[in-house]
Trainee: 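Take a look at the following structure, please.
Whatever order the structure lists ligands and atoms in, that order sets their numbers, starting from 1. The first residue in the sequence is number 1, and the count goes up from there.
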Amino acid sequence: MFINVPKGTQDILPEDITKWYYIEDKIREVLNKYGYREIRTPAFEYTELFVRGIGESTDIVTKEMFTFPDRKGRSLTLRPEGTAPVVRAYLENKMGRTSKVVKLFYIGSMFRCEKPQAGRFRQFNQFGIEVIGTESPVVDVEVIAAALEVYEKLGLKNLKILLNSVGCKKCRVDYVQKLKEFIEDKKIFLCSECINRYKKNPLRVLDCKKDSCQKIIKKAPRITENLCQECRLHFAEVISYLDDLKIKYCIDYRLVRGLDYYTKTAFEIVSGELGAQNAIGGGGRYDDLAEELEGKPTPGVGFAAGIERMIIVMNQQKIEWPKYKEIDVFVTTVSEENKVIAFKLLQKIRNFGLSADMDYSGGSLKSQMRIANKVGARYVIIMGQEEFAKGLVILRNMKTKEQREVQTDNLINELTSCIDSM
Ligand code: HAM
């Protein structure tokens, strides 16, 4: 039986890879401009990192992690997200010693054992930003602005920012108590998952998308009206800086996000083009995460976006993708004996810095020309028997269809001047 890719994963084929290069280039271009430096952490970590970082009762930790033992029986997990690993790397490498505020970004695969559906995969790619070492609300806004600029540079339109504050350890305790009291006599109307959430993490009930739960939640006390003085001020400043930059947002009092490390600012960027899985990115502040991981108290804020979802939206919005990079020269031969000479010529052209290829399958000249067309060759070199004996090759311009004989010794000069003048 043929073995397919595992459920929820996909191949990125050569015809699509240029989309990925394009997106990754734009991410790097924008984030370097904002002063973020790239970090690459391992694809797997000790499971404990995610249990402590993301939260024991979250869906990710209870249901969605790919967890396996190493040979000594220590539990490892394929990273389901990038924030806990980046904070771990920040602490482990003492990155805070050299600068008080550390600005990092990453691009990489994440793994969640979710039920696959449109826009939801088991292996997916995120680009993410993390700023570690400052509580300043300006940075929350910088993170949002940088994320928006990446989307904008890629041409994504009609995105909406949902914004909320989930408070801090201090004010959340009182709020959760209030919320529990509010839900208590309405529990029987909640879905079974929410009854569970109510017991383990009542805040997550606010996030339920089911109509029956939404009806109840609509009237629930709002977290933003129950913030402590410090959190209220922080939220007001975030809002005021967003207004200053004319960044539009909607306050969503029910937005709590699926990871437990959030404090104060929480936000999501959504697109109408994504259906049920409408979040193209999300983030927020995590001022207690470093401490949770046994580090010194160090505030942080960040964001991550799903690249597959960005591609879906870009396709739906009919955003033009950059063209395939064409190949400069395609070398063809009319006889088997010329193959080795053709290959040497090919290498000479490549050594000169031009992109060049040939057909190794021994097809006719006609089929070689077809391949040259398919790979978008700008020029084709035809090594005919007669011409070659006279030290000549035929150089064909594939766009104008003009062809002429060229001295083999002078070929590189001819090629570079033709390609430079294009
Ligand atoms: P998250 O909301 O879990 O946040 O994921 C961020 C984005 O990753 C989502 O908005 C979505 O675009 C994409 N995503 C998530 N799960 C899937 C999936 N199964 N298939 C396809 N795309 C998916 C985080 O991961 C946080 N670490 C973000 C953050 C950074 N918070 C602070 N810093």
Side-chain angles (χ1 to χ4, degrees), residues 6-10 12 23 27 31 36 39 41 45 49-50 53-55 58-61 63-66 78-90 102-132 139-140 142-144 146-147 150-151 156 159-162 164 166 204 207 255-271 273-290 292 299-314:
K7 212 172 147 185
T9 69
Q10 55 185 350
I12 301 170
I23 291 178
I27 293 169
L31 298 183
Y36 292 89
I39 183 168
T41 62
E45 300 269 356
L49 176 73
F50 301 115
I54 301 172
T58 57
D59 285 353
I60 296 181
V61 169
K63 303 191 263 197
E64 295 168 2
M65 296 205 300
F66 285 101
L78 292 180
R79 62 178 176 198
E81 62 102 47
T83 309
V86 167
V87 174
R88 192 247 337 114
Y90 166 91
V102 176
K103 296 169 67 166
L104 302 166
F105 80 92
Y106 49 91
I107 304 173
S109 289
M110 307 293 155
F111 308 84
R112 294 185 193 174
C113 192
E114 296 188 82
K115 199 160 168 229
Q117 62 181 78
R120 193 202 266 167
F121 307 94
R122 289 186 171 172
Q123 177 176 350
F124 58 99
N125 291 273
Q126 280 186 345
F127 90 83
I129 312 170
E130 312 294 348
V131 185
I132 308 171
V139 181
D140 303 36
E142 186 194 89
V143 165
I144 296 175
V150 172
Y151 293 138
L156 285 142
L159 301 178
K160 203 158 119 186
I161 302 175
L162 307 177
N164 196 15
V166 292
R204 298 276 298 125
D207 206 24
L255 181 78
V256 286
R257 315 250 314 119
L259 305 105
D260 278 355
Y261 48 60
Y262 290 112
T263 52
K264 297 183 177 149
T265 312
F267 65 94
E268 236 161 53
I269 302 182
V270 297
S271 162
E273 258 102 359
L274 279 172
Q277 303 303 315
N278 68 350
I280 194 165
R285 201 157 254 295
Y286 44 85
D287 291 346
D288 301 330
L289 180 57
E292 206 64 64
V301 59
F303 161 86
I307 299 180
E308 286 80 359
R309 291 190 191 177
M310 288 163 64
I311 293 177
I312 294 173
V313 175
M314 288 172 77

Trainee: Between Asp59 and Arg112, does at least one N-O distance fall below 4.0 Å, as a salt bridge requires?
Mentor: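 Looking at Asp59 and Arg112, the cut-off is not met.
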
Trainee: Of all residues at least two apart in sequence or in a different chain, which pass the side-chain hydrogen bond (donor to acceptor under 3.5 Å, both in side chains) check with Glu292?
Mentor: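 So Glu292 forms no side-chain hydrogen bond (donor to acceptor under 3.5 Å, both in side chains) with any residue.
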
Trainee: For Lys115, is there any backbone N or O sitting under 3.5 Å from a side-chain donor or acceptor partner on Arg120?
Mentor: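 Answer holds: yes.
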
Trainee: Below 3.5 angstrom, do we get any N/O pair linking Ala304 and ligand 1?
Mentor: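 No - when backbone and side-chain N and O of Ala304 are compared with those of ligand 1, no distance drops under 3.5 Å.
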
Trainee: Taking Gln10's backbone N and O only, do any of them form a donor-acceptor pair with Gln123's side chain (distance below 3.5 Å, no angle check)?
Mentor: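 Checked: no pair found.
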
Trainee: Could you see which bit of Arg120 sits under 4.0 Å from ligand 1, with heavy atoms only: side chain, backbone, both or neither?
Mentor: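 Both the backbone and the side chain of Arg120 come within reach of ligand 1.
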
Trainee: Could you tell me whether some N/O pair between Val301 and ligand 1 is separated by less than 3.5 angstrom?
Mentor: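 No, since none of the N or O atoms of Val301 sits under 3.5 Å from an N or O of ligand 1.
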
Trainee: If you measure every N/O of Ile280 against every N/O of ligand 1, is any gap under 3.5 Å?
Mentor: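 Yes, since at least one N or O of Ile280 sits under 3.5 Å from an N or O of ligand 1.
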
Trainee: By the definition side chain to side chain donor-acceptor pair (under 3.5 Å), identify the one residue from Tyr90, Tyr286, Tyr36 that meets it with Glu130.
Mentor: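 Among the candidates, only Tyr286 passes.
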
Trainee: Return yes or no for this condition: an N or O of Glu114 is under 3.5 Å from an N or O of ligand 1.
Mentor: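 N/O-N/O distance below 3.5 Å exists for this pair.
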
Trainee: Would you say ligand 1 has an N or O under 3.5 Å from any N or O of Glu268?
Mentor: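 By distance alone, the answer is no.
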
Trainee: Tyr286 versus ligand 1: do any nitrogen or oxygen atoms come within less than 3.5 Å of each other?
Mentor: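 Looking only at distances, the answer is no, because the N/O contact criterion of under 3.5 Å is not met.
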
Trainee: List in chain and number order the residues that pass side-chain hydrogen bond (donor to acceptor under 3.5 Å, both in side chains) with Glu81, two or more places apart in sequence or in another chain; answer none if no residue qualifies.
Mentor: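 Testing Glu81 for side-chain hydrogen bond (donor to acceptor under 3.5 Å, both in side chains), a comparison that skips the adjacent residues, returns Thr83, Tyr261.
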
Trainee: Using distance alone, determine whether Gly82 and ligand 1 share an N or O pair under 3.5 Å.
Mentor: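 Between Gly82 and ligand 1, no N or O pair is found under 3.5 Å apart.
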
Trainee: How far is atom 30 (C) of ligand 1 from its nearest protein heavy atom, and which residue and atom is that?
Mentor: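 The answer is Thr83 OG1, 3.0 Å.
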
Trainee: Please check: side-chain N/O of Asp207 versus main-chain N/O of Leu255, any donor-acceptor pairing under 3.5 Å?
Mentor: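 No, Asp207 side chain to Leu255 backbone: no donor-acceptor pair under 3.5 Å.
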
